[in-house]
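Scroll down for the structure; my scribbles are underneath it.
Keep in mind it's a predicted model, so treat the numbers as computed, not measured.
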Amino acid sequence: DLVGQGFDIAVRFGNVTDSTLRVRSLGTFQRLVCAAPVYLERHGTPRIPEDLKDHDCLVMRFGETLDNVWEFGAGSKRRRVMVRGSRVVNDGWLIRSWALAGHGIVLKSELDVAEDIRSGALVSLFLDQLPPPNPLQMMFPPGRAQPRRVTAFAEHLRKNVAHPG
């Protein structure tokens with residue numbers, strides 16, 4: 001509750017459903033399914049998204065909502081796979097750390113894991129069936145004048161977040 005809690009700004013992935021908030025896009029970013037090489041060596045590499053049913057997936061929790069239905073493909077080829085795993089968390093840094101340590105397969109934004117993939121610390125899976133990209137947006141309370149520090153921070157984010165999509 002951005003307004004009720006007195007926040008000046010929030011940044012979130014996904015579509016904003018509260019039409020009273022002012023929203024500024026930071027771009028659209030690909031979501032990637034990836035795992036550490038050590039996990040894949042121990043448990044095998046899933047070949048198709050449905051193989052995830054037999055793997056330990058690291059699941060994010062957003063409030064009361066589990067992000068355990070992962071989408072793949074686009075248009076008429078879009079499909080959903082329900083995943084499960086031994087670890088659930090509401091902390092993006094921690095879930096990435098678990099993936100790097102080889103504890104399971106993770107679904108993360110390219111913003112979070114691109115460097116890990118480039119370095120080989122994580123391996124991206126299903127490159128021919130990627131999940132749909134996700135918008136990253138800044139949200140502001142309605143009708144409130146922004147303090148200069150918030151405006152400056154928002155501008156810093158706009159200039160420094162990569163815009164691949």
Side-chain angles (χ1 to χ4, degrees), residues 1-7 9-21 23-117 121-141 157 161 164-165:
D1 181 8
L2 196 64
V3 176
Q5 301 250 339
F7 290 106
I9 186 174
V11 178
R12 76 170 292 244
F13 276 107
N15 295 309
V16 177
T17 56
D18 184 345
S19 63
T20 65
L21 298 175
V23 177
R24 283 183 64 192
S25 175
L26 290 171
T28 301
F29 299 90
Q30 185 60 57
R31 298 178 83 199
L32 302 168
V33 176
C34 48
V38 66
Y39 175 88
L40 299 173
E41 288 167 14
R42 274 186 272 173
H43 303 281
T45 300
R47 299 290 171 215
I48 60 173
E50 287 76 14
D51 290 346
L52 292 173
K53 293 180 292 193
D54 301 322
H55 284 270
D56 197 356
C57 294
L58 305 171
V59 178
M60 284 290 296
R61 176 183 298 278
F62 300 103
E64 297 296 315
T65 305
L66 276 182
D67 186 24
N68 66 337
V69 178
W70 295 358
E71 290 188 25
F72 296 89
S76 64
K77 296 188 186 250
R78 182 175 282 189
R79 62 190 189 277
R80 295 172 176 229
V81 175
M82 183 173 283
V83 300
R84 60 184 170 72
S86 60
R87 296 172 186 235
V88 177
V89 70
N90 67 352
D91 182 324
W93 179 87
L94 183 56
I95 204 167
R96 177 179 159 265
S97 297
W98 288 343
L100 288 166
H103 294 298
I105 298 175
V106 69
L107 174 63
K108 291 291 287 173
S109 168
E110 64 184 307
L111 285 176
D112 297 325
V113 295
E115 185 55 40
D116 299 322
I117 291 169
L122 291 176
V123 175
S124 187
L125 306 170
F126 316 125
L127 292 176
D128 59 339
Q129 304 171 70
L130 290 173
N134 237 354
L136 179 63
Q137 301 175 90
M138 294 183 286
M139 302 175 298
F140 306 91
L157 286 176
V161 173

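Between Val89 and Met60, the closest side-chain pair of non-hydrogen atoms falls below 4.5 Å.
For the side chain to side chain contact (heavy atoms under 4.5 Å, CB included) with Leu107, the lone residue among Val33, Leu58, Leu32 that qualifies is Val33.
To the nearest 0.5 Å, atom NZ of residue Lys53 and atom CD1 of residue Ile48 are 7.5 Å apart. Summarising the geometry, atom CG belonging to Asp112 is positioned 10.0 Å from atom CD1 belonging to Ile95; distances are rounded to the nearest 0.5 Å. In this structure, CG in Leu26 is found 13.0 Å from CZ in Arg12, a value given to the nearest 0.5 Å. Between atom CZ of residue Phe29 and atom NZ of residue Lys108 there is a gap of 13.5 Å, rounded to the nearest 0.5 Å.
Minimum heavy-atom separation, Asp51 to Arg47: OD2-N, 2.9 Å. Among all heavy-atom pairs drawn from Ile105 and Pro46, the shortest one is CD1-CG, 3.8 Å. Minimum heavy-atom separation, Gly27 to Ser25: N-OG, 3.1 Å. Across all non-hydrogen atoms, the minimal contact from Ala99 to Ala36 is O-CB, 3.2 Å. Across all their heavy atoms, Gly104 and Ala35 have their closest contact at O-CB, 4.0 Å. In plain terms, the two heavy atoms of Pro37 and Ala121 that are nearest each other are CD-O, 3.3 Å.
Pairs engaging residues 84-102 under the salt bridge (Lys or Arg N to Asp or Glu O under 4.0 Å) rule: Arg96-Asp116 [sequence neighbours left out]. Counting only residues at least two apart or on different chains, the ring-ring contact (aromatic ring centres under 6.0 Å, His included) pairs with a member in residues 48-70 are Tyr39-His55.
Checked against side chain to side chain donor-acceptor pair (under 3.5 Å), Asp67 has the following partners two or more places apart in sequence or in another chain: Arg31. Every residue two or more places apart in sequence or in another chain was checked for a side chain to side chain donor-acceptor pair (under 3.5 Å) with Arg61, and none qualifies. By the ring-ring contact (aromatic ring centres under 6.0 Å, His included) test, Phe126 pairs with Phe72, sequence neighbours left out.
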Exercise for the section: Step by step, work out the side-chain contact (heavy atoms from CB on, under 4.5 Å) result for Leu40 and Leu125. Expected result: CA-CA 10 Å; Leu40 299 173; Leu125 306 170; 4.2 Å; yes
Listing, residues 128-141 side-chain donor-acceptor contacts under 3.5 Å, not counting sequence neighbours, or none:
residue : atom : partner : partner atom : Å
Gln129  : OE1  : Arg79   : NH1          : 3.2
Gln129  : OE1  : Arg79   : NH2          : 2.2
Gln137  : NE2  : Gly14   : O            : 2.5

